[in-house]
Amino acid sequence: MSNNSKVPVWSALINAMKQECNLGNERDGLEIAQLYKDARGEKEYMDKVKEVLKYNKVIPNDIHKDILALNPCHIITTNYDNLLEQEIQNEFKQYAIIREDRDLPNMLYSNSVIKMHGDFDTNNIVLTESDYHNYAKNFPLIRSFVISLFASKLVLFVGFSFADLNLKMILNDVHSVLKDSMQKAYLITDDKPDSMTIKYYENKGINIVYLDENDIEEILREKDNTSISIPKGIYLHKMLRCIKLIKKNPEQDLASMLYAKLKSYSDEIKNLGEGLRYFIPKEELNMWNPNSNGLQLYSQYFRELHKQLKTFSGQRKFIKEHPEIDRKELKRFAYYNYLYRIDDVKILDSEFIYNLEKYFSTPSAPSFIYQMDFKKLNERLKYLSSREFSCNADDLEYPFTLYKLGNYYEAYQIYNRILSNAWKNEKYILYFISLYNIWSIKGLVWTQLAMRKDRDANTLYKKLDNIDLDGTLRRLPIEEEIRNVFQDLLSYRAIGKRVTETEELSDQLHKQRKSGERGGISINSNIANLLSKFEREFRFCNDNFIICDNSKQYQTVCANTIRGILNSYATPNHKFKELDLETSKIEELFSLCVFAFIFCVDNQELIETFKQFEIDEIVLSNDAIKYINTYLKNLSEAKSIPYVDGAKLATYIQNLLFVTSRIKNKNVDIETLYKVVMKYWKALNLHISEKFLYAILSHFQPSDETLIQIANKLIESLNDNVHFYGCFSCIASYMSKSEIKYNDFDMNSIKKKSNSEDLYCLYKVLDKTIQNEFSIYCQQNLDFVPSYLNFIVKNKLSVVSEDKFKDMVNKIDNQDLDENVYYCCWKLAKIRSNKANSNVHEIIDNYATINKCLKFYLSPLEYEDKENVIPEWLLYVDEETIHKLVEVKEYKDALKKYLEDHPFISHSKRKMIINVL
């Protein structure tokens, strides 16, 4: 083995001693070594051995890597060099090095390297004749330990030949003690054994392992570039790789193997995500297609298993042949890994989905976050904070939850404690997840500590930024398939693929929508696949308590998913009657869609996405409405909210209220909705925009008491930068309908604010004792011409000041009003028709001489210059007048042309024109 690192073989060492001492024809290697030592003395003898065998001058080779890749519990070596130790250190593995008897009682690790023939560092090598004769006396503990291993462990001899003196001595020594109690051992050889050799070693309890080159190539399939040049070394390297590839119980079928693998890792990682592919044998991995139903492999094994499980007898046979598979546990593994079915073999059914609590007894703290159930969350946090470490994935729940709540520094501290505990107990998967999570939150930890004087945020950040995740992962003693899972995490390979897939599916759904708008029909699984990919990504992070949701890639997956959901929902539903088919689309937004809207996107991005797709109303499924009402109930009843970062909770609540404001269903809990609005508006200083609150108010009429509370809160929030005209308009409308007055209105406090633009719509619901004062206030302070004129016309008021009126009329051509000019002219015409305002008729008439629009509105039916009437003028007149106007050919043609020339006008305006025509 060491010879492949250019260490001379044992015979070369003996020949060197023989030549130096002129021992002539002496052939006994042990006697030559003894004679050399006796003649030259202990020191010169040791120096000679170290010189010839290149002590501390060589490095490990691929065979050392291959041996460690098999994860042996113990390694027994007759070599004196430290090549194995070097490789153990390179790979960050934990083995106790036993060089002499006194090392055995002081083993730090359960795994060991036993230097049964001594070591250069302790100068106790076994080489001479007397060393071998006195071995039992000089190494009694090591000898006993080695014999115990042969009695209890499966032993593989690596690097020995049939003629090897050490091999024969070990076998004779062990066999003389154990006789028939020795466990079966195996010896790898590159020499094809004859029947006599096979029989000889079988009598000593050794099975010879030999494969010819064709057999090896069949197993390996792929070529390997190794630095080894010695043929025997190349063969041994290939054989060890073969063992690694087929290292499993040959009696296990694929189902047993997958179950055993998932079970072996389940205490540290529950969900393997895309990494599950590394656990599928290549011969069964004909394709890899995770989809909404589970996983497609086109595996021969699962095809045969599907046939078997079709019959009751086949099902009984499977259960009988797999006694090690616990069906309840299997379903949990399948759920975590989204394996509802593999090919045609169904693993999870609807009964399982509806009874999850039977399989998962205790919900995790993050699940309470996603229910906004702060009472249960606080109870869970109390339990987690006092819980002792158990050295499994459950340890990660508490710091992961603290991260979710914005308590980043405390999360870091707990992860740090988990690191040392996991390392001490050899839980390397747990160790790596904790290290990865620390690295993921380093910026957030710095942000939280930057304002504290008792912590050095910059020093800590530099320390965390220097974490070498790639190097650590390479050195950890974990199985290769798990290493690949984490390598994909570090390289963003898995989530990068998910970004591409969700983007493509979102684009396909956009094209499907556009096709549907042109009358097309599309039947596919795009939306189901998109949602399954989103859910897989979310569950990989959440089930394993791995912090991924702060990466741009994860956020892109979420954004692609939300766009895809809205594209699918907005797609027209066309039916193909001949085949009884209809477009594949989301008819009602269900709970997973609502979850994505609330918890997986920034509020402004959510609003912009809805705006982009022109979605003003949404219809939810019954389960989604139940979720919305549950969120509202939990929020309204919450007494203690554990969020450290209030901005996180504010985003979730804003998203919840925004989604609720778009709901068309009638079974939203309106009373609780407004309790939440009022409670968190103040508690979190929640940013509630005019459009936001207006959408809620226009969809859901609050109680009379709540109306007053909202009005008071709005007036309190008014300032030069915050305006709520639409909300006040909606409130005034509800109050008028309910015939209630706004008696809380304080005229004195209103005079201190310059917000007449927002408030003038309240005129009709104010007490008559203050209406006149309010009218004067508004007419004096309204500066936007359309608002000023609308206030007078809508409330049928008399103009208070002729000078102010004249100034406002003069502003019509000076303010940047665009189409509002037509609106103002229409309002002026209305004021002109009111005899109570005769004091300003002259002002209006004078303006009409220079404004054709106003002249038209003063007498639209008698207007002579019909050919020059602008179509937009027609859109502001009252319903009775416009129906009369469209009887005129010129006006009717003008409106038709307007529709053709303006394809992007608002839906309401288009609808009104079509109805009139």
Side-chain angles (χ1 to χ4, degrees), residues 92-94 108-110 264-273 275 336 362-369 377 380-446 448-449 455 459-479 482-483 485-487 489-490 539-551 642 644:
F92 219 47
K93 294 198 172 185
Q94 295 179 336
L108 293 176
Y109 308 113
S110 57
S264 67
Y265 299 125
S266 62
D267 67 328
E268 294 182 81
I269 184 169
K270 297 180 175 69
N271 184 324
L272 296 169
Y336 278 128
T362 307
S364 66
S367 69
F368 296 131
I369 291 177
L377 176 59
R380 184 69 179 165
L381 286 172
K382 185 178 180 180
Y383 161 74
L384 292 173
S385 65
S386 60
R387 175 185 170 274
E388 294 291 330
F389 287 141
S390 54
C391 240
N392 58 33
D394 293 340
D395 292 347
L396 298 169
E397 180 184 348
Y398 187 43
F400 182 79
T401 306
L402 293 176
Y403 155 75
K404 286 286 185 182
L405 298 172
N407 195 347
Y408 310 118
Y409 182 61
E410 189 177 349
Y412 156 71
Q413 290 178 305
I414 295 171
Y415 281 130
N416 221 19
R417 293 203 294 272
I418 293 173
L419 279 179
S420 58
N421 198 47
W423 182 259
K424 181 180 177 181
N425 289 279
E426 300 180 25
K427 294 291 186 176
Y428 302 115
I429 296 173
L430 186 65
Y431 176 88
F432 187 77
I433 292 175
S434 298
L435 192 67
Y436 175 84
N437 284 351
I438 287 175
W439 178 85
S440 294
I441 63 173
K442 60 183 187 292
L444 297 168
V445 172
W446 180 88
Q448 199 166 62
L449 292 185
R455 293 286 184 273
T459 301
L460 180 58
Y461 180 83
K462 288 177 183 176
K463 174 188 171 183
L464 301 186
D465 195 42
N466 286 328
I467 291 174
D468 180 11
L469 290 173
D470 286 299
T472 301
L473 181 61
R474 283 195 304 272
R475 295 190 295 268
L476 283 179
I478 55 179
E479 294 286 351
I482 286 291
R483 199 186 312 278
V485 172
F486 289 134
Q487 190 58 57
L489 178 66
L490 296 187
R539 278 165 53 174
F540 175 76
C541 304
N542 208 64
D543 293 347
N544 296 321
F545 305 120
I546 296 176
I547 297 173
C548 303
D549 59 350
N550 58 358
S551 73
V644 173

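What you are looking at is a predicted structure, and each value in this text was computed from that prediction instead of being measured. In what follows, residues are counted from 1 in the order of the sequence shown.
- Remark: the backbone N or O of Phe545 is paired with a side-chain donor or acceptor of Asn437 at under 3.5 angstrom.
- With rounding to the nearest 0.5 Å, the separation of OH in Tyr431 from CD in Glu268 is 13.5 Å.
- Listed for the Gln448 side chain is a donor-acceptor partner under 3.5 Å among the backbone atoms of Gly406.
- Using a 4.5 Å heavy-atom threshold, the side chains of Leu490 and Tyr436 count as touching.
- Here the closest heavy-atom approach between residue Pro477 and residue Tyr428 is recorded as CG-CE1, 3.3 Å.
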Test side chain to side chain contact (heavy atoms under 4.5 Å, CB included) applied to Thr401 and Phe368, step by step: CA-CA 10 Å; Thr401 306; Phe368 296 131; over 6 Å; no

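- Across all non-hydrogen atoms, the minimal contact from Ala411 to Pro399 is CB-O, 3.4 Å.
- The shortest side-chain heavy-atom distance between Leu377 and Leu405 falls under the 4.5 Å cut-off.
- Side-chain atoms of Asp549 and Lys404, non-hydrogen and from C-beta on, do get closer than 4.5 Å to each other.
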Test side-chain hydrogen bond (donor to acceptor under 3.5 Å, both in side chains) applied to Asp543 and Tyr336, step by step: CA-CA 7 Å; Asp543 293 347; Tyr336 278 128; over 6 Å; no

Step-by-step side chain to side chain contact (heavy atoms under 4.5 Å, CB included) determination, Leu402 to Tyr409: CA-CA 9 Å; Leu402 293 176; Tyr409 182 61; over 6 Å; no

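- Atom CG of residue Leu464 and atom CD1 of residue Ile438 lie 7.0 Å apart, to the nearest 0.5 angstrom.
- Here Leu396 contributes atom CG and Tyr415 contributes atom OH; the two are 6.0 Å apart, rounded to the nearest 0.5 Å.
- Listed here is the closest heavy atom pair of Ser440 and Ile547: OG-O, 3.4 Å.
- In terms of modelled atom types and a separation under 3.5 Å, the side chain of Asn544 and the main chain of Phe540 share a donor-acceptor contact.
- The closest donor-acceptor contact from the side chain of Asp465 to the backbone of Tyr461 lies at 3.5 Å or more, if one exists at all.
- Residues Thr472 and Leu476 have side chains in contact (heavy-atom distance under 4.5 Å, counting atoms from C-beta outward).
- Using a distance-only test at 3.5 Å, with no hydrogens or angles considered, no donor-acceptor pair links the side chain of Asn550 to the main chain of Ile441.
- For the atom pair CZ (Phe432) and CD1 (Ile269), the distance works out to 10.5 Å, reported to the nearest 0.5 Å.
- Rounding to the nearest 0.5 Å gives a distance of 5.0 Å between CZ of Phe389 and CD1 of Ile418.
- Side-chain contact between Ile482 and Leu272 is present, with at least one heavy-atom pair separated by less than 4.5 Å.
- Side-chain N or O atoms of Arg380 include none that pairs as donor or acceptor with a backbone N or O of Ser364 at under 3.5 Å.
- Of all heavy-atom pairs between Cys391 and Ala422, the closest is SG-CA, 4.1 Å.
- When all heavy atoms are compared, the tightest approach of Ala365 to Glu397 is N-OE2, 2.7 Å.
- Each salt bridge (Lys or Arg N to Asp or Glu O under 4.0 Å) pair with one or both residues in residues 428-439, not counting sequence neighbours, would appear here, but there are none.
- Looking at heavy atoms from C-beta onward, Leu469 lies out of side-chain contact with Phe486 at the 4.5 angstrom threshold.
- Residues that satisfy the side chain to side chain donor-acceptor pair (under 3.5 Å) test with Ser390, not counting sequence neighbours, are Arg387, Asn392, Asp395.
- Remark: Lys442 NZ to Lys463 NZ distance equals 14.5 Å, nearest 0.5 Å.
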